[in-house]
Colleague: 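This is the structure I have questions about; it appears just below.
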Amino acid sequence: MATRRKFGKVKVMTQRDDNLLKQLSNSGLCTMEQAKTHCGLNRDRLLKLEKSGYIRIERTNPRGGAMIEVARLDRKGKEYSKNSLGTKYFYKTSINQVGHDLKLTEAYYQVMRDHKGAIWKNETQITYEYKELLIGGKDCVDAVVVLDGDTFAVEVIGHKYTQETINNKIANGNRIAGETILV
């Protein structure tokens, strides 16, 4: 008879856990597969992080897709990110924009993998630091990446964006970072 594995609570946070919480702070959510591929976290560990209050796992149906599970920061994960990882700004995610945020998550992992030492500034941080450069204080890009003194903006085009919104986001990204990459 096989024994059923119990999912206890996390006793010690690992570097892999920290990587996941940094990503969730910067792009809002990720799928279980993204957590496994990019952070090396298996489902058992993710369930422990959830039981411990660091993340919450939710089922959602992205536009035109099949039902998936996504991880998002929970209260304890946010506190840990502030106190132990030095996170000041958290990306504002919504389960209603899951398709957008999953594309942003892929962009985050690609940039951080391809450009070691890059600094990712999320939309909340950009809005706070560059408020005076935003057209009408809105249409902020999703991220600004700082790499060896150079910068570029990242914008994931949402399915509801008008051409005017896209143009404003590109203009804002170019004004803040010099170049905007559309995803």
Colleague: Let me confirm one number: the CZ-SG distance from R45 to C39, rounded to the nearest 0.5 Å.
Modeller: 12.0 Å
Colleague: Please report the closest heavy-atom contact between K51 and K9, naming both atoms and the distance.
Modeller: O-CE, 3.8 Å
Colleague: For Y109, give me all partners under ring-ring contact (aromatic ring centres under 6.0 Å, His included), at least two apart in sequence or on another chain.
Modeller: H38
Colleague: I need the K11 NZ to K48 NZ distance, nearest 0.5 Å.
Modeller: 6.5 Å
Colleague: Please check if the side chain of T105 supplies one atom and the backbone of L29 the other of a donor-acceptor pair under 3.5 Å.
Modeller: yes
Colleague: Kindly say whether C140 contributes a backbone atom to a donor-acceptor pair with the side chain of K169 at under 3.5 angstrom?
Modeller: yes
Colleague: Hydrophobic clusters here meaning ILVMFWY residues chained together by side-chain heavy-atom distances under 4.5 Å, can you tell me if Y80 and L49 are in one?
Modeller: yes
Colleague: Can you give me the closest heavy-atom contact between I68 and V70, atom names plus distance?
Modeller: CD1-CG1, 3.9 Å
Colleague: For side-chain contact (heavy atoms from CB on, under 4.5 Å), just list the numbers for E58 and T60, CA-CA rounded to whole Å, side-chain angles, deciding distance to a tenth of an Å, and then say yes or no.
Modeller: CA-CA 6 Å; E58 300 170 307; T60 184; 5.8 Å; no
Colleague: Please walk me through it: do I57 and M32 pass side-chain contact (heavy atoms from CB on, under 4.5 Å)?
Modeller: CA-CA 9 Å; I57 298 173; M32 303 297 100; 4.1 Å; yes
Colleague: Honestly curious: do V98 and L24 fall in one hydrophobic cluster under the side-chain, below-4.5 Å linking rule?
Modeller: no
Colleague: Return the minimal non-hydrogen interatomic distance between I181 and F152, and the atom names on each side.
Modeller: CD1-CD1, 3.5 Å
Colleague: Shortest non-hydrogen contact from N122 to S25?
Modeller: ND2-O, 3.3 Å
Colleague: Got a sec: does the CZ of R113 have more than 12 other heavy atoms crowding it under 6.0 Å?
Modeller: yes
Colleague: If you round to the nearest 0.5 Å, how far is CD1 of I55 from CZ of R72?
Modeller: 12.0 Å
Colleague: Are Y91 and I95 in one and the same hydrophobic cluster, where Ile, Leu, Val, Met, Phe, Trp and Tyr link if side-chain heavy atoms are under 4.5 Å apart?
Modeller: no
Colleague: Mark yes or no for whether T180, through its side chain, and A153, through its backbone, hold a donor-acceptor pair below 3.5 Å.
Modeller: no
Colleague: Might you point out which heavy atoms bring W120 and L104 nearest each other, and give the distance in Å?
Modeller: CZ2-CD1, 3.7 Å
Colleague: Between S52 (side chain) and Y54 (backbone), is there a donor-acceptor pair under 3.5 Å?
Modeller: no
Colleague: Do E155 side-chain atoms and D142 backbone N/O form a donor-acceptor pair below 3.5 Å?
Modeller: yes
Colleague: Are I119 and Y108 grouped together when hydrophobic residues (ILVMFWY) are joined by side-chain heavy atoms under 4.5 angstrom apart?
Modeller: no
Colleague: Flag yes if more than 12 heavy atoms outside D148 fall under 6.0 Å of its CG atom; otherwise flag no.
Modeller: no
Colleague: Would you please say whether a donor-acceptor pair under 3.5 Å links the side chains of Q15 and N19?
Modeller: yes
Colleague: Tell me, yes or no, whether the heavy-atom count around K78 atom NZ, taken from other residues, nucleotides or ligands under 6.0 Å, exceeds 12.
Modeller: no
Colleague: Transitively linked via ILVMFWY side-chain contacts under 4.5 Å: V183 with L102?
Modeller: no
Colleague: Could you list all the salt bridge (Lys or Arg N to Asp or Glu O under 4.0 Å) pairs where at least one residue sits in residues 86-108, not counting sequence neighbours?
Modeller: none
Colleague: Please report the closest heavy-atom contact between A118 and V111, naming both atoms and the distance.
Modeller: CB-CG1, 4.4 Å
Colleague: Does I176 form a side-chain contact (heavy atoms from CB on, under 4.5 Å) with L134? I'd like the steps, not just the answer.
Modeller: CA-CA 8 Å; I176 292 167; L134 298 175; 3.8 Å; yes
Colleague: Would you say the side-chain atoms of D17 and T14 include a donor-acceptor pair closer than 3.5 Å?
Modeller: yes
Colleague: Give a yes or no on whether the backbone of Y89 and the side-chain of Q125 come within a donor-acceptor separation of less than 3.5 Å.
Modeller: no
Colleague: Quick check: does any side chain N or O of D74 sit under 3.5 Å from a backbone N or O of E50, one acting as donor and the other as acceptor?
Modeller: no
Colleague: Could you go through the side-chain contact (heavy atoms from CB on, under 4.5 Å) check for M13 and S84 one step at a time?
Modeller: CA-CA 10 Å; M13 292 295 284; S84 298; over 6 Å; no
Colleague: Would you say that D139 contacts N167 through its side chain, given a criterion of any heavy-atom pair below 4.5 Å between the two side chains?
Modeller: no
Colleague: Side chains of N172 and R175: do they bring a donor and an acceptor to under 3.5 Å?
Modeller: yes
Colleague: Give, for atom CD1 of I157 and atom CD of Q163, the distance between the pair rounded to the nearest 0.5 Å.
Modeller: 8.5 Å
Colleague: Under a 3.5 Å distance rule, please check whether R56 uses its side chain to pair with a backbone N or O of L73 as donor and acceptor.
Modeller: yes
